[in-house]
Number of protein chains: 2
Amino acid sequence: MAKKKIVVLGAGFGGLAFTRALQHKDAEITLIDRQNHHLFQPLLYQVATAGLSMPEVSEPVRTIFQKRRDVNVLMAEVESIDVERKRVVLKGIDSVEYDYLVVGMGMVNAYFGHPEWAKHTIGLKSLDEARRIRRQILHAYERAEATKDMEERKRLMTHVVIGGGPTGVEMAGAISELTKRVFKHDFRSIRPEDSRIVLVEAAPRILGAYTEASSQKATEDLKRLGVEVITDAPVKDVRAGIVELDGQIIESESIIWTAGVEANPVLRSIPAEFDRRGRISVEQDTSLPGYPEVFVIGDVANMTDIKGQQVPGVSPAAMQMGKHAAKIIKKELKEFRRIPVKERKPFKYFDKGTMATIGRSKAVAEVGGLKFSGPFAWVLWLAVHLIFLVGFRNKAAVLLQWAYAYIGYRPGARVFDLRNPDPAPKPEEVVQEKV
Amino acid sequence: MAKKKIVVLGAGFGGLAFTRALQHKDAEITLIDRQNHHLFQPLLYQVATAGLSMPEVSEPVRTIFQKRRDVNVLMAEVESIDVERKRVVLKGIDSVEYDYLVVGMGMVNAYFGHPEWAKHTIGLKSLDEARRIRRQILHAYERAEATKDMEERKRLMTHVVIGGGPTGVEMAGAISELTKRVFKHDFRSIRPEDSRIVLVEAAPRILGAYTEASSQKATEDLKRLGVEVITDAPVKDVRAGIVELDGQIIESESIIWTAGVEANPVLRSIPAEFDRRGRISVEQDTSLPGYPEVFVIGDVANMTDIKGQQVPGVSPAAMQMGKHAAKIIKKELKEFRRIPVKERKPFKYFDKGTMATIGRSKAVAEVGGLKFSGPFAWVLWLAVHLIFLVGFRNKAAVLLQWAYAYIGYRPGARVFDLRNPDPAPKPEEVVQEKV
């Protein structure tokens with residue numbers, strides 16, 4: 001029998017979990033991503049704030065599947081997905097055909113109908129964005145030290161994080177620690193302690209997906225770190241170096257955008273039902289309605305599972321969906337038949353809890369009905385993240401970096417190169433995040 | 001007494017050694033560099049070949065002198081040096097005045113009167129260039145795997161290193177190991193073992209500064225690694241993707257330039273005697289003729305020491321010169337007087353030997369009259385480089401990375417981000433390397 005061709009789009013948490021779970025003599029997998037690496041996105045903010053280096057939060061996809069001779073890794077950009085002819089059109093190279101397709105292309109930054117905001121802010125979805133944030137912040141302090149213009153100094157030492165979700169909270173806390181504490185002894189003319197870090201949230205409270213108590217705790221922890229938390233403050237406008245809120249203008253060169261994401265726009269080539277954020281409604285087995293050979297997994301899937309839970313856009317959910325799709329396909333390969341969607345096992349999301357870290361030794365965590373905060377939650381956060389880091393090397397290196405930073409209070413990646421400043425991203429680049 | 005203002009240009013090996021050696025209650029140092037970090041240049045080729053990450057071979061200058069309240073670190077670009085008015089003109093910010101000036105601005109890539117070659121080649125003088133080489137090589141294999149055009153594949157899997165000095169030899173060896181051995185199990189369509197790595201040298205032999213025996217040994221080691229060594233081959237022309245030699249054309253996208261360097265052109269603003277490579281002739285005490293308060297150290301100094309040795313452009317020489325200048329200034333501060341140049345202690349270069357590594361476990365080393373090669377020379381090379389790495393963190397992290405790469409044969413930094421490709425450097429950027 002000819003082998004079944006399985007094409008996986010996206011080497012994020014969902015795509016990796018699927019590929020790891022599906023190994024069958026009758027299957028041949030092509031795993032396609034726009035980048036050459038899997039990115040451990042939960043730690044990306046640490047790259048942005050100079051705590052970790054880029055290779056420590058990423059692993060080449062080829063290396064992960066080096067020993068899997070049944071897996072072809074292809075670095076390519078998806079142009080469109082043709083579910084009628086069962087093929088994926090790639091940019092610049094031949095299309096690939098499939099018997100099964102697994103779509104896990106993830107989210108890209110979204111600007112609520114203001115694509116022009118993209119060029120004045122930096123998102124946090126790729127290694128390159130993390131590197132640009134790092135350079136932006138480090139370079140701002142070098143320029144603040146060199147100038148005698150007090151207004152300019154103030155502007156350079158102000159940082160705005162837009163979006164009070166877990167990423168925004170983590171970013172704001174880490175920027176505060178980096179600038180107010182780590183930089184403290186490094187400068188002679190400026191006082192990095194006087195840095196202003198503002199976390200802006202449109203809703204009445206930060207960490208909207210958490211309980212009110214956790215949200216309250218996080219706000220207090222952030223304030224103790226010297227972060228101004230502004231809630232009920234939808235962004236009116238973003239211009240070069242300026243964030244405009246209702247009745248307030250903040251001048252800053254470091255404007256970080258964590259306020260919104262939407263599904264990769266390439267998905268629009270699929271005949272499907274999309275929600276407001278471009279996510280695709282799927283069947284109970286995570287397949288695409290009308291196309292049982294297509295599975296949509298991870299945060300691009302809009303799904304309420306069999307228990308009535310809205311499946312959240314977090315990595316454990318993506319991994320569980322990936323494994324679920326792999327099980328269904330394996331069963332079909334074994335039984336040499338297509339199982340009707342109604343007979344397939346429905347997906348059940350198992351909530352492992354959520355956590356966000358705030359600065360060097362605090363975090364909020366919610367696991368089942370339990371809530372943790374403070375240092376214990378932080379150690380929990382550390383352990384969970386280390387366990388999930390993909391490669392051995394990364395774990396050891398990250399642990400060493402953390403131990404070093406924790407003991408010596410000196411984040412280890414505080415270097416940048418000014419020689420070849422990158423251009424601001426063009427709007428069309430901004431939307432092509434993954435695959 | 002007002003403190004003496006000492007300005008140091010360049011945080012390379014010379015500038016750092018000077019600043020470390022000079023600490024005096026009557027002195028205030030301003031250390032100026034164009035980048036925010038000291039770069040451990042001898043290991044830069046490992047960043048280019050994905051063996052090490054950028055923070056592992058660099059350290060923020062501020063961090064190095066965090067505890068020295070007498071040291072001001074300034075990240076700025078030098079526009080010109082006005083030795084008559086004793087001041088350094090900086091780009092965009094106020095000039096700085098000095099009582100003593102130490103010039104250690106280092107070398108930049110030089111193209112033998114062909115500045116247009118800069119945009120078709122990548123040098124190896126900065127973190128950014130190393131990152132670009134890494135991305136170039138990794139991306140080439142991704143594209144080779146994706147294409148079915150055999151000519152294109154061949155071109156993508158060909159790498160040319162121009163210049164057979166220690167850097168070129170190390171680069172060629174490391175590229176060969178990365179592509180022919182590390183990549184071996186990663187691809188399904190191409191055979192990375194078939195990669196072509198060419199080392200091109202204009203002179204009759206590589207490693208011209210070494211003995212003929214070492215040069216011979218290095219050539220053999222390189223050939224065993226699968227590197228083609230072409231000597232007596234001055235480059236005729238470099239165009240996009242093409243290196244033209246006498247009677248031979250090599251098609252390659254990865255063209256790495258290690259063939260020539262010249263002193264930072266900013267030095268031309270000093271009234272001095274320049275050699276062919278733009279280096280400044282100095283007095284026996286390393287001061288600028290006619291300007292005893294200006295010291296020129298490191299590879300920008302053209303000097304034959306008191307023992308009649310031509311001082312080579314290597315890091316130990318730069319460090320020794322830096323310490324020497326510090327001693328002279330310290331003595332003058334102590335004696336409250338300017339010591340005439342003739343009475344100052346002349347500089348004596350102590351030759352600690354030279355070494356170059358070839359691949360994973362071979363090297364050639366020449367120490368005093370002794371010559372080593374093979375694994376022993378490699379261990380020697382490793383030890384020397386680790387001892388000289390600036391910060392503790394770097395040492396531990398580098399050792400860990402090496403142990404991992406050596407045991408697992410998996411260089412750890414094999415990730416790149418394609419989202420925001422840098423433009424090719426403009427010619428004017430190419431010459432502004434340091435400070």
Side-chain angles (χ1 to χ4, degrees), chain A residues 34-37 50 53-56 58-60 62-63 66-67 69 72-76 90 92-94 126-129 131-132 138-139 142-143 145-148 185-189 392-394 396-397 400-401 404 408 410 412-420 422-423 425 429 432-433, chain B residues 34-37 50 53-56 58-60 62-63 66-67 69 72-76 90 92-94 126-129 131-132 138-139 142-143 145-148 185-189 392-394 396-397 400-401 404 408 410 412-420 422-423 425 429 432-433:
Chain A
R34 190 178 182 257
Q35 302 284 9
N36 86 325
H37 52 272
S53 72
M54 297 194 284
E56 279 159 357
S58 53
E59 190 82 12
R62 292 193 183 285
T63 308
Q66 205 176 36
K67 292 189 177 140
R69 307 301 298 186
N72 284 294
V73 175
L74 199 58
M75 181 177 164
L90 301 171
I93 54 172
D94 289 352
S126 68
L127 284 182
D128 190 68
E129 286 176 314
R131 188 173 63 87
R132 281 169 54 216
L138 295 176
H139 194 202
E142 295 295 337
R143 283 179 292 158
E145 176 84 353
T147 187
K148 290 190 175 70
H185 303 291
D186 279 11
F187 294 87
R188 303 291 177 260
S189 306
F392 156 76
R393 181 189 58 79
N394 283 0
L400 187 76
Q401 282 290 77
Y404 178 78
R410 290 163 62 165
R414 284 156 59 196
V415 294
F416 67 101
D417 192 306
L418 199 67
R419 193 149 162 257
N420 211 351
D422 299 328
E429 277 173 334
Q432 294 156 355
E433 194 66 40
Chain B
R34 190 178 181 260
Q35 302 283 10
N36 85 326
H37 53 271
S53 73
M54 297 194 284
E56 279 160 356
S58 53
E59 189 81 12
R62 292 193 184 286
T63 309
Q66 205 176 36
K67 291 189 178 140
R69 306 302 298 187
N72 284 292
V73 175
L74 200 58
M75 182 174 163
L90 301 172
I93 54 171
D94 288 352
S126 68
L127 284 182
D128 190 69
E129 286 175 315
R131 187 172 64 86
R132 282 168 54 215
L138 295 176
H139 194 202
E142 295 295 336
R143 284 179 290 159
E145 176 83 354
T147 187
K148 290 191 174 70
H185 303 291
D186 279 10
F187 295 88
R188 303 290 177 259
S189 305
F392 157 76
R393 180 190 58 82
N394 284 358
L400 187 76
Q401 282 290 77
Y404 178 80
R410 289 163 61 167
R414 283 157 60 195
V415 295
F416 66 101
D417 192 306
L418 198 67
R419 189 149 164 259
N420 208 351
D422 300 327
E429 276 173 334
Q432 292 156 357
E433 193 66 40

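Side chains are part of it too, since the values below use all heavy atoms of this structure and drop only hydrogens, waters and symmetry mates. Naming convention: chains lettered A, B, ... in sequence-line order (proteins, then strands); numbering from 1 in each chain.
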- Message: Rounded at 0.5 Å granularity, tell me how far CZ in B/R131 sits from CE in A/M54.
- Response: 6.0 Å
- Query: Relative to chain A, which of B/H185, B/R69, B/E145 shows the most heavy atom pairs under 4.5 Å?
  - Reply: B/R69
- Of all residues at least two apart in sequence or in a different chain, which pass the side chain to side chain contact (heavy atoms under 4.5 Å, CB included) check with A/N72? A/E28, A/T30, B/R188
- Note on the structure: Heavy-atom closest pair (B/D186 atom, A/R62 atom, distance to 0.1 Å) is O-NH1, 3.3 Å
- Task: Give, as side chain, backbone, both or neither, the part of B/R143 having an atom under 4.5 angstrom from any heavy atom of chain A.
- Result: neither
- Counting heavy-atom pairs under 4.5 angstrom with chain A, the leader among B/S189, B/G92, B/A146 is B/A146
- Query: Does any heavy atom of chain A fall under 4.5 Å from the side chain of B/I93, the backbone, both, or neither of them?
  - Reply: side chain
- Message: Looking at chain A, which one of B/L127, B/L138, B/N36 has the largest number of heavy-atom pairs inside 4.5 Å, strictly under?
- Response: B/N36
